[in-house]
Amino acid sequence: MEKVTILILAFLFAFGINANAEGSVTETETTTAKNDTAIFRGRLENDEYQVYIVMDFYNKNVVCPRQEIFGENPGYFGSKRDNRKWIIEDAAPKDNSARLVIINDYGSEDLDARLTRNHDGSYTLERLEGSTMKIAVNGKWVKIPKKLDFKKVR
């Protein structure tokens, strides 16, 4: 019985190595794939307005804290000084830019925007049309400019 078990394990081991060799991906291919999809995944921050973007435009599986009712989305826009969020409802990345549809957390305001990765590694969010994004700071509404630059922090 022990010989049969050893033979079966040897067969499975050999088959596993062979199957792995056929479908293996080189380290260069893996690194390239990770770099391609890393452009629109992570966290961006703007220090001047103290706002940020959390995003994964590829898997579209980001859940906005305290806004779980919206389910999984490509990301959200938040502020360090305001707990309200703007939900990125749709994102279509292409090369170094992504077209976005953004709604406020009540669904009463929306806008179309473009997020672009610049040559220096920074990002620019530009409102193309629709509502002006606003955040509350010390009880007063602060409008977010039509164009806003971000740096990637992770």
Side-chain angles (χ1 to χ4, degrees), residues 12 15-17 19-154:
L12 291 174
F15 179 78
I17 289 175
N20 222 6
E22 289 175 19
S24 66
V25 178
T26 66
E27 186 175 332
T28 305
E29 291 170 333
T30 304
T31 304
T32 303
K34 284 180 184 176
N35 288 341
D36 288 345
T37 60
I39 293 173
F40 294 111
R41 179 180 294 137
R43 182 181 171 106
L44 308 177
E45 291 185 357
N46 174 283
D47 293 334
E48 180 181 358
Y49 284 85
Q50 296 182 25
V51 294
Y52 57 90
I53 296 173
V54 175
M55 64 183 173
D56 186 342
F57 294 172
Y58 307 102
N59 296 313
K60 300 181 180 181
N61 61 355
V62 178
V63 176
C64 183
R66 302 164 111 188
Q67 298 296 331
E68 291 83 2
I69 192 166
F70 287 102
E72 293 182 341
N73 287 288
Y76 60 91
F77 176 97
S79 170
K80 295 178 182 177
R81 301 179 286 179
D82 184 9
N83 63 359
R84 286 174 278 255
K85 306 287 188 269
W86 288 79
I87 312 297
I88 300 172
E89 186 178 75
D90 190 30
K94 184 177 179 186
D95 299 325
N96 286 336
S97 69
R99 182 80 183 236
L100 309 177
V101 175
I102 304 173
I103 61 172
N104 69 350
D105 54 1
Y106 289 101
S108 61
E109 297 184 67
D110 64 344
L111 63 124
D112 291 333
R114 179 178 36 242
L115 183 64
T116 305
R117 182 172 184 258
N118 304 313
H119 295 292
D120 64 356
S122 67
Y123 290 75
T124 301
L125 178 67
E126 179 182 8
R127 179 174 40 91
L128 302 174
E129 59 183 74
S131 302
T132 300
M133 294 174 70
K134 298 176 278 282
I135 57 170
V137 178
N138 298 326
K140 295 184 181 184
W141 289 112
V142 174
K143 292 180 180 180
I144 301 298
K146 186 174 181 173
K147 279 188 173 184
L148 191 61
D149 292 324
F150 290 84
K151 63 181 177 184
K152 192 163 190 175
V153 293
R154 56 182 150 133

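Quick note: residue numbers are just sequence positions, from 1.
- By the side-chain hydrogen bond (donor to acceptor under 3.5 Å, both in side chains) test, Thr132 is found to be paired with no residue, residues two or more places apart in sequence or in another chain being considered.
- Taking CD1 of Ile135 as the reference point, atom CG of Asn104 lies at 14.0 Å (rounded to 0.5 Å).
- Legend: residues meeting side-chain hydrogen bond (donor to acceptor under 3.5 Å, both in side chains) with Asp105, ordered by chain and number and at least two apart, are absent.
- Nearest heavy-atom pair, Tyr58 versus Ala38, reported as atom, atom and distance to 0.1 Å: CE1-N, 4.5 Å.
- A donor and an acceptor atom, one from each side chain of Asn118 and Thr124, are located under 3.5 Å apart.
- Every residue was checked against the side-chain hydrogen bond (donor to acceptor under 3.5 Å, both in side chains) condition with Asp110, not counting sequence neighbours, and none meets it.
- Between atom OG1 of residue Thr116 and atom CG of residue Asp149 there is a gap of 10.0 Å, rounded to the nearest 0.5 Å.
- Contact detail for Ala98 and Pro93: the closest heavy-atom pair is CB-CA, 3.7 Å.
- Shortest non-hydrogen contact noted between Phe150 and Asn46 is CD2-N, 3.6 Å.
- The salt bridge (Lys or Arg N to Asp or Glu O under 4.0 Å) pairs that include a residue from residues 82-97 are Lys60-Asp90, Asp82-Arg84, where partners are two or more places apart or lie in different chains.
- Remark: Val54 engages Arg43, Tyr52, Val62, Tyr76 in a side-chain contact (heavy atoms from CB on, under 4.5 Å) (not counting sequence neighbours).
- Taking Asn138 as the reference, nothing meets the side-chain contact (heavy atoms from CB on, under 4.5 Å) condition, with sequence neighbours excluded.
- Evaluation of the side-chain hydrogen bond (donor to acceptor under 3.5 Å, both in side chains) rule for Asn83 yields no partner, not counting sequence neighbours.
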Asp56 vs Asn61, side chain to side chain contact (heavy atoms under 4.5 Å, CB included): CA-CA, chis, key distance, verdict
CA-CA 7 Å; Asp56 186 342; Asn61 61 355; 3.4 Å; yes
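- For the ring pair (Phe, Tyr, Trp, His ring centres under 6.0 Å) test, residues two or more places apart in sequence or in another chain that qualify with Phe57 are Phe40.
- For residues 63-74, no pair satisfies side-chain hydrogen bond (donor to acceptor under 3.5 Å, both in side chains), with sequence neighbours left out.
- In this structure, Ile53 CD1 and Leu125 CG are separated by 5.0 Å, a value rounded to the nearest 0.5 Å.
- Among residue pairs with one or both ends in residues 121-148, those qualifying as salt bridge (Lys or Arg N to Asp or Glu O under 4.0 Å) are Glu109-Lys134, Arg114-Glu126; sequence neighbours excluded.
- The CG atom of Leu111 lies 9.5 Å from the CZ atom of Phe77; values are rounded to the nearest 0.5 Å.
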Worked verdict on Lys80 versus Glu45 for side chain to side chain contact (heavy atoms under 4.5 Å, CB included)
CA-CA 10 Å; Lys80 295 178 182 177; Glu45 291 185 357; 3.6 Å; yes
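- Contacts of Lys152 classified as side-chain contact (heavy atoms from CB on, under 4.5 Å), with partners at least two apart in sequence or in another chain: Leu44, Tyr123.
- The CD1 atom of Ile102 sits 5.0 Å away from the CD1 atom of Ile88 when rounded to the nearest 0.5 Å.
- Rounded to the nearest 0.5 angstrom, Ile87 CD1 and Leu100 CG are separated by 13.0 Å.
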